[in-house]
S.K.: 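This is the structure I want to talk about, given as structure tokens.
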Amino acid sequence: MFLAAWPPSVAVVIDRDDDFIHTRTALAAHHPPSGRITLHPGPGTTSETGLAHDLLAALGKPPLLTGRFPAGRQPAWEAAAAWMTALPVTRLTVLRAHRLTARRTIRLLQLHALTGVYLTLVCHRPHLPAALHQALRTADYSLTTDLDAARRHYYGTPVTEPPLADEPAGPTGRWLTLPALDRLISYDSPRPCTDPCTPPSIAWRHRPPPVPLTAPTAQRVAHRLHAATAHPRLAAAVAAALFTGASLQQLATARPRDYDAAAATLALHDRVRYTDGCATYPVPPWAGVFLRAAACFTRLVSGEDQELLAAPGDRGHLLRVAETARLRPPQPPAARRQGPAGRVEWNWYERQEAEQYEAPSSRARPSRR
């Protein structure tokens, strides 16, 4: 999770004449579903954070990392490392490497050591510039000027052309109405367990289980969440809400140790039994990538004792991610809406429950004469 045991040697491709064939070949190898990423850094910036944003964009993420962060620093490199680990990405090719500062190159080398990705730096100059040479002094690297050898670095061995990516069926602009999100903003108040806790499997005694997503719907949900946010915790929290039916308050009880990647389970806690008590939920395959990314991100940013998923204070950010992905709970009929048309009403389920409790008491109240 934190350091690859034996990261492969870094490959440096020397494109002496800045031949377009090198750039075109590297860009053609870019195919995230196959684990290959080609990063073409944006011109006009030398910041390390800007390079991390370019990497997130290459991974198919929004380049800006929205959310709450300590001291206002965006952990963009940690997010990129988490997604690369979870997806997983096996090859990273960086074009225009001769323009990288020493600090930016060192950042890439740290990412290489952390994830074990095959890193290829393409230098479009006859010789290594001073900054790149300085950054590579302590790295294990090899040089090549041969296009066929470069292609093997871009694609791996054997060289395979990218298959057609699986595209989600149906337009992505339409809302997906998902009943599992009914309780997302419920104000129950579970707390994380301070003592070691190994919850049993969820029994669903107090509420019905969420209806599992069909394969096409799960594919659309995953595609939308990947495109909606670069924040691993927020994406994982929406995914977890869909297979647990839990509120944000309960999702916030999970810590990195509560996710078992090998067993594909997630434990949520509820000591005073507001709902189902402490319980372990099976993680469906489509959601595993989001939980893996969140676990890696949390450990890199804050350690084992922080929330694995979104915290209660992230409520606004979480709802914006869901709405950006065009995911919502069932909505009230037009006559019962409290907000303007087009706005998602997240509290409709809560309002219905409140009305059911109020109705019997109002009927039992004696009339006044």
Side-chain angles (χ1 to χ4, degrees), residues 1-13 26 29-41 48-63 65 73-97 100-122 132 135-136 138-142 152-157 162 222 225-226 229-233 235-236 256 259 261-262 288-304 306 308:
M1 182 67 72
F2 287 100
L3 194 65
W6 296 103
S9 174
V10 176
V12 180
V13 174
H30 177 78
H31 191 247
S34 298
R36 300 191 301 268
I37 300 295
T38 299
L39 172 60
H40 200 174
E48 298 166 46
T49 302
L51 184 61
H53 289 165
D54 289 339
L55 180 53
L56 288 170
L59 289 165
K61 307 292 178 185
L65 197 64
R73 184 186 75 85
Q74 284 194 16
W77 282 102
E78 291 87 345
W83 288 116
M84 288 178 65
T85 301
L87 284 170
V89 173
T90 56
R91 295 187 174 272
L92 173 61
T93 300
V94 183
L95 293 167
R96 302 291 156 190
L100 296 175
T101 63
R103 285 299 308 161
R104 290 177 121 197
T105 306
I106 290 172
R107 276 289 197 177
L108 289 170
L109 294 175
Q110 291 171 342
L111 185 70
H112 160 71
L114 178 71
T115 62
V117 69
Y118 285 88
L119 176 62
T120 302
L121 304 175
V122 185
L132 188 56
L136 288 170
T138 59
D140 177 19
Y141 72 96
S142 61
R152 286 193 292 272
H153 288 303
Y154 305 153
Y155 282 94
T157 305
L225 282 179
H226 277 300
T229 182
H231 197 312
R233 283 178 180 164
Y259 171 57
V289 62
F290 300 105
L291 272 295
R292 291 194 297 273
C296 180
F297 179 76
T298 301
R299 290 181 173 120
L300 289 173
V301 172
S302 52
E304 289 280 353
Q306 296 300 312
L308 169 67

S.K.: To the nearest 0.5 Å, how far apart are CD in Glu78 and OG1 in Thr298?
M.R.: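 One gets 11.5 Å once the value is rounded to the nearest 0.5 Å.
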S.K.: Return the CG to CG distance between Leu92 and Leu59, rounded to the nearest 0.5 Å.
M.R.: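 Separation between the atoms: 8.5 Å.
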S.K.: Does any donor atom in the side chain of Arg292 or Thr85 lie under 3.5 Å from an acceptor atom in the other side chain?
M.R.: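 Side chains of Arg292 and Thr85: no pair found under 3.5 Å.
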S.K.: Here's a test for you: under side-chain contact (heavy atoms from CB on, under 4.5 Å), which of Thr120, Thr93, Val12 qualifies with His153?
M.R.: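 That would be Thr120; it is the only one of Thr120, Thr93, Val12 passing the side-chain contact (heavy atoms from CB on, under 4.5 Å) with His153.
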S.K.: Under the rule for ring pair (Phe, Tyr, Trp, His ring centres under 6.0 Å), what residues qualify as partners of Phe290, not counting sequence neighbours?
M.R.: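 Listed in chain order: His226.
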S.K.: Just by distance, do the side chain of His31 and the backbone of Arg36 share a donor-acceptor pair under 3.5 Å?
M.R.: no
S.K.: Which distance, rounded to the nearest 0.5 Å, do you find between the CZ of Arg233 and the CZ of Phe297?
M.R.: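 These two atoms lie 5.5 Å from each other.
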S.K.: Roughly how far, to the nearest 0.5 Å, is SG of Cys296 from OH of Tyr259?
M.R.: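 Rounded to the nearest 0.5 Å, the OH-SG separation comes to 11.5 Å.
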S.K.: Would you call Glu48 and Arg107 a salt bridge, using N to O less than 4.0 angstrom?
M.R.: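 Salt bridge flag = yes for Arg107 with Glu48.
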S.K.: Measuring from atom CG of Leu55 to atom CG of Leu51, what distance do you get when rounded to the nearest 0.5 angstrom?
M.R.: 7.0 Å
S.K.: Just by distance, do the side chain of His40 and the backbone of Arg96 share a donor-acceptor pair under 3.5 Å?
M.R.: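 Between the backbone of Arg96 and the side chain of His40 there is no qualifying donor-acceptor contact (under 3.5 Å).
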S.K.: Report the C-alpha distance between Lys61 and His231 in whole Å, list the side-chain angles of each, state the deciding distance to 0.1 Å, and finish with yes or no for side chain to side chain contact (heavy atoms under 4.5 Å, CB included).
M.R.: CA-CA 9 Å; Lys61 307 292 178 185; His231 197 312; over 6 Å; no
S.K.: With sequence neighbours left out, write down each residue that passes side-chain contact (heavy atoms from CB on, under 4.5 Å) with Thr90, or none if nothing qualifies.
M.R.: none
S.K.: Which residues pass the side-chain contact (heavy atoms from CB on, under 4.5 Å) test with Ala52, sequence neighbours left out?
M.R.: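 Testing Ala52 for side-chain contact (heavy atoms from CB on, under 4.5 Å), a comparison that skips the adjacent residues, returns Ala76, Trp77.
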S.K.: Can any side-chain N or O of Trp83 pair as donor or acceptor with the backbone N or O of Leu56 at less than 3.5 Å?
M.R.: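 A pair under 3.5 Å: no.
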S.K.: To the nearest 0.5 Å, how far apart are CG in Leu121 and CG in Leu95?
M.R.: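 It comes to 10.0 Å.
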